[in-house]
Amino acid sequence: MPELPEVEVVRRGLADWVVGRSIESVQVLDPRSIRRHSAGTSDFEQRLSGSVVSAAVRRGKFLWLLLDGPRQPTALVGHLGMSGQLLVEESIEPDEKHLKVRLGLSPEAGKPRELRFIDQRIFGGMFLSPLVPTHDHLPGGMGSEISWLPEAAAHIARDVLDPVSTPESLYMALRKRNTQLKRAILDQEVIAGVGNIYADEALWAAKLHGLRSTATIRRPDVERLHTALVDVMGRALEAGGTSFDALYVNVNGASGYFDRSLNAYGREGKPCYRCEAAGIESVIRRDAFMGRSSYSCPRCQRKPR
DNA sequence: ATATCTTCCTGGGGGC
DNA sequence: TGCCCCCAGGAAGATA
């Protein structure tokens, strides 16, 4: 499913294929996909029609197109949920089974005429949101900075791959919370972009158990965690980038990275690679956590008592 | 106030 | 073979 690296690949595709063009027509095929647009389908279609896309922006797993128009500054916000796709395609292509929204784009040489939102499970969606000036509190006494963000995404923290996210800023954010480590890194208001898979991968790489308390976590632990998060996201982004077909703005939910490089997630009952390399037998276990699964090595990720 | 639980949704897959 | 039930996931809103 799409996580930060996949969403970034989509953003780059939108920047290449959609930015600078106008949205000439809008067709909502399933209103559930725009349920976060509270004014409804016809309002969405009318307000979006005729706007010009000036940029593609991402923070965490939220993605938005900045719209230039006569109205107040507005973003078309998209979230892929767990099965969403954005595809740039020719109008002649048959409708996908789970096509939810079709945007007709102004003609441009060599570029397809439609941007389509496809979503099987409908956890994702699109909606219009006004841009609001938002204070981002920067770490380490650097004060605050104003960013113009869609109102609906203004609460999201800085992103894992944002240079402003540092081990120290993560340490400060974690220490402010009183919860379990994995809960905290999945919380988009602590650090944006981490989903269940990368949370488990980063915790494994940092040799930390997700049940550790954020209130007592130490700097060296957080430094390893931050390094692991940046590393795992960075490598996944490279993998997603290399398989990116320039004709598509595509997320297919099965990036090559997932197939080859997972150390913990989905490996229940299989040997922990790190322990194996050290000549020690240890098997990845799966535990229920927050209504989903957590994978960890019982030996090198010590569970707190 | 903060922390945690529930809900939204579909189709693949396991069990029988 | 087919049905039924569970499971996967992010995040908003409800609840404790």
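Computed from a prediction, not measured in an experiment: that's the story for all the values here. All heavy atoms count here, side chains included; hydrogens, waters and symmetry mates do not. Below, read A as the first sequence line, B as the second, and so on, with proteins coming before strands; counting in each chain starts at 1.
- A/Asp187 has its CG atom 12 Å from the C1' atom of C/dG10, to the nearest Å.
- For the salt bridge (Lys or Arg N to Asp or Glu O under 4.0 Å) test, no residue two or more places apart in sequence or in another chain qualifies with A/Arg21.
- In this structure A/Glu114 satisfies the side-chain contact (heavy atoms from CB on, under 4.5 Å) test together with A/Ser91, A/Arg102, A/Arg116, sequence neighbours excluded.
- For A/His79 and C/dG10, the shortest distance from a side-chain N or O to OP1 or OP2 is not below 4.0 Å.
- Contacts with DNA chain B (heavy atom under 4.0 Å) in residues 119-129 of chain A: A/Gln120, A/Arg121, A/Ile122, A/Phe123, listed by number.
- Between the CZ atom of A/Arg286 and the P atom of C/dC7 there is a distance of 8 Å, given to the nearest Å.
- Between A/Arg58 atom CZ and C/dG10 atom C1' the separation is 16 Å, expressed in whole Å.
- Bracketed by its first and final contacts, the part of DNA chain B lying under 4.0 Å from non-hydrogen atoms of chain A reaches from B/dA3 to B/dG11 in 5' to 3' order.
- For A/Phe127, there are no ring pair (Phe, Tyr, Trp, His ring centres under 6.0 Å) partners, not counting sequence neighbours.
- The side chain of A/His155 lies closest to C/dA12 when the candidates are C/dA12, C/dA8, C/dG10.
- Direction change of the helix axis from one end of the helix from B/dT2-C/dA16 to B/dC16-C/dG2 to the other is 60°, with five pairs defining each end axis (rounded to 10°).
- Rounded to an integer number of Å, the gap from CG of A/Leu4 to C1' of C/dG10 is 14 Å.
- Legend: residues meeting ring pair (Phe, Tyr, Trp, His ring centres under 6.0 Å) with A/Phe117, ordered by chain and number and at least two apart, are absent.
- Atom CZ in A/Phe289 sits about 18 Å away from atom C1' in C/dC7, given to the nearest Å.
- Checked against side-chain contact (heavy atoms from CB on, under 4.5 Å), A/His79 has the following partners two or more places apart in sequence or in another chain: A/Lys61, A/Phe62.
- When the side-chain contact (heavy atoms from CB on, under 4.5 Å) test is applied to A/Ala278, the partners found at least two apart in sequence or on another chain are A/Ile280.
- With sequence neighbours excluded, the residues satisfying side-chain contact (heavy atoms from CB on, under 4.5 Å) with A/Pro107 are A/Glu24, A/Arg113.
- The distance between atom CD1 of A/Ile191 and atom P of C/dG10, rounded to the nearest whole Å, is 15 Å.
- Computed from coordinates, the A/Tyr198 OH to C/dG10 P distance equals 11 Å when rounded to whole Å.
- Applying the side-chain hydrogen bond (donor to acceptor under 3.5 Å, both in side chains) test to pairs two or more places apart or on separate chains, those with a residue in residues 184-195 of chain A are A/Arg177-A/Asp187.
- Put simply, the residue from A/Asp43, A/Val28, A/Leu67, A/Ile34 that forms a side chain to side chain contact (heavy atoms under 4.5 Å, CB included) with A/Leu48 is A/Leu67.
- A salt bridge does not link A/Arg59 with A/Asp159: none of the charged nitrogens is closer than 4.0 Å to a carboxylate oxygen.
- Within the structure, side-chain hydrogen bond (donor to acceptor under 3.5 Å, both in side chains) contacts touching residues 294-305 of chain A (residues at least two apart or in different chains) are A/Lys182-A/Ser294.
- Of the two residues contacting DNA chain B, namely A/Arg292 and A/Lys176, the nearest-nucleotide position lying further toward the 5' end is that of A/Lys176.
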